[in-house]
Peer 1: 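Before I ask anything, let me first share the structure, which is written out below as structure tokens.
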There are 2 protein chains.
Amino acid sequence: METLSPVPKHFPKVLVLRPSDVFTVLENKFSGKFEFLKAWEFPIPTDQFLSTHATSVEAMFCSANTSVTAAVLRPLPSLRLIVTTSAGLHHIDLPECRRLGISVANAATVFSEDVADTAVGLLIDVLRRITAADRYVRGGLWPVKGDYPLASKLGGKRVGIIGLGSIGLEVAKRLDAFGCTISYNSTKKKPHVAFPFYHNVLDLATNCNVLVICCALTDQTHHMINKEVLLALGKKGIVINIARGSVIDEKELVQCLVRGEIAGAGLDVFENEPEVPKELFELDNVVMSPHRAVFTEESFNDLCELMAGNLEAFFSNKPLLSPVD
Amino acid sequence: METLSPVPKHFPKVLVLRPSDVFTVLENKFSGKFEFLKAWEFPIPTDQFLSTHATSVEAMFCSANTSVTAAVLRPLPSLRLIVTTSAGLHHIDLPECRRLGISVANAATVFSEDVADTAVGLLIDVLRRITAADRYVRGGLWPVKGDYPLASKLGGKRVGIIGLGSIGLEVAKRLDAFGCTISYNSTKKKPHVAFPFYHNVLDLATNCNVLVICCALTDQTHHMINKEVLLALGKKGIVINIARGSVIDEKELVQCLVRGEIAGAGLDVFENEPEVPKELFELDNVVMSPHRAVFTEESFNDLCELMAGNLEAFFSNKPLLSPVD
């Protein structure tokens, strides 16, 4: 049995507002290097907790489930670093961080390959009806009803990638090997990318069979995939979303799927997770994943290393491993 | 309304022993070019039907569901061509065809891309638990039970491809783009292939995390994936089969899956289709597809063109489009 000695006072303090899976692993691995101040373990309101530690806290650790607003930052004048386990940053008030001189480090590209794998897996699944066919077999229908209906080929499909960051580029690399034709929409044209660029998603949807949504959720991308875009994609069109649920107007997506105005969808994310629109449960042309595109055992380990590496770098005055510009 | 005139006597006769989806399409498209003799539409036993048409039948059209044995060939002395809709040829007695001077044309590489897509789709699905996670979401478990367990990453997996023909090469090309390490087993080492070659499947299984079975079913490959090979693949190993069910000893596979002696399987084919071992229905680490890896609308159309092209070539004394050596 291990003997636990009390944490010495001089370990660097790292504030954690809410528990998470990554934090549990990180805490076990690095409790001998940092003093984690876990807000939820203190029997006092968070604002009181924050003001207690105000002057001593230089670093904060968070996940996408923690809103780091100006109100959270105000009582922490010593804060100089926020490390987040997410690649996305919509939960952090970045302008306020910039104003206050707080650096932010994120998951960077740790998840990009896994997310891209899920995007491609969902697309093959929807086109080739793998999950639906598995239900058919498990339901004992094969011997009774005979051959399962013909599916649709991946090769030759015109795929529009929305958001050509590290995830989008990994998706493109994979789908290229399947013989798909890639084009993309992004905030601006990428200088070293040969794929055709579309300035707006409506034109992209009009010219594609498949949309793969890989962009960040921002005020500009919120409900960017609306009814007009879905109708432009058309009756044979497929939407894959591994970004954030709110990039799509989910109510309109559900209507389009129910009415057959698009052909199918592969969705890892939803607007009100973990709630998923019940109408989708009955549809064979939809494959749903509970926001797990980012996580494999391998990427989870890589993430823990990166998070700890950022904290160590910060406290030894070295450059962060994955700073957000 | 179209007026149907009776088929003139001089159209080349093509014997068809059993109905199939491809034949239905082919017949509709080419009934003005060939006279299809459909054995199942005649109210006489097949052997009697065959002897009636013995001297006039030069070409036969079949699918993998038709056993073309020496007994079937014996009453057809004029037969010079068999066109099969399958890539595999285990249903045709090839030595007997050779002896009788009967040419065989098959589906060649028409299906290769689609089959490879399915193999990769099944592999991503098993590793990332897409179908199982879809059940989790549809079952309403996400809000109740919370985060779905971590899955396993595709990148970095050591994948052993068994049978590096056109399908195996397409699988390799795709998995390479995902960052997998490819090695293979085949009847012999391929001269222009850089992937490491393993002379026997046991060694391949020992050195791999994943086996993708892409080989033909022959006397040599029947039950080639036996208990020993599966145990060598090990507890974290995954088997993908898009070849033929009998390449695996299915009973042993089921036992290994039930006992957790391998990690999972993606199966498009089974030993006694359409029957599937019921034990698999309860397993979340298995994804089942009802032998549909070969078929998409696109490949089906390509196949119909190829089949008709072979018949047309034969009857105009031109070289076959997809002759079997």
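Chain A is the first sequence line, chain B the second, and so forth, proteins listed ahead of strands; every chain is numbered from 1. Values below: all heavy atoms of this structure, side chains included; hydrogens, waters and symmetry mates excluded.
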Peer 1: Is Arg292(B) close to chain A through its backbone or its side chain, or both, or neither, when contacts mean heavy atoms under 4.5 Å?
Peer 2: both
Peer 1: Relative to chain A, which segment of Glu170(B) carries a heavy atom at a distance below 4.5 Å: side chain, backbone, both, or neither?
Peer 2: neither
Peer 1: Considering only heavy atoms, which portion of Asp21(B) lies under 4.5 Å from any heavy atom of chain A: side chain, backbone, both, or neither?
Peer 2: side chain
Peer 1: Examine whether an atom of Val287(B) lies under 4.5 Å from a heavy atom of chain A, and if so say whether it belongs to the side chain, the backbone or both; otherwise answer neither.
Peer 2: both
Peer 1: Quick check on Phe295(B) against chain A: is it the side chain, the backbone, both or neither that has a heavy atom closer than 4.5 Å?
Peer 2: both
Peer 1: I'd like to know whether NZ of Lys236(B) has more than 12 heavy-atom contacts from other residues, nucleotides or ligands below 6.0 angstrom.
Peer 2: no
Peer 1: For Leu122(B), is it the side chain, the backbone, both, or neither that has a heavy atom closer than 4.5 Å to a heavy atom of chain A?
Peer 2: both
Peer 1: So do Val137(A) and Pro290(B) actually touch side chain to side chain, heavy atoms under 4.5 Å?
Peer 2: yes
Peer 1: Quick check: do Asp134(A) and Arg135(B) have side-chain heavy atoms less than 4.5 Å from each other?
Peer 2: yes
Peer 1: With a 4.5 angstrom heavy-atom cut-off, which part of Asp114(B) approaches chain A: side chain, backbone, both or neither?
Peer 2: both
Peer 1: Of the options Arg128(A), Lys157(A), Lys153(A), which is the one that meets Glu298(B) in a salt bridge (Lys or Arg N to Asp or Glu O under 4.0 Å)?
Peer 2: Lys157(A)
Peer 1: Answer whether the closest heavy-atom distance between the side chains of Glu113(A) and Phe178(B) falls below 4.5 Å.
Peer 2: no
Peer 1: Is the count of non-hydrogen atoms from other residues, nucleotides or ligands lying under 6.0 Å from Lys145(B) atom NZ greater than 12?
Peer 2: no
Peer 1: I'd like to know which of Pro143(A), Ala293(A), Gly266(A), Ala116(A) tops the heavy-atom pair count under 4.5 Å against chain B.
Peer 2: Pro143(A)
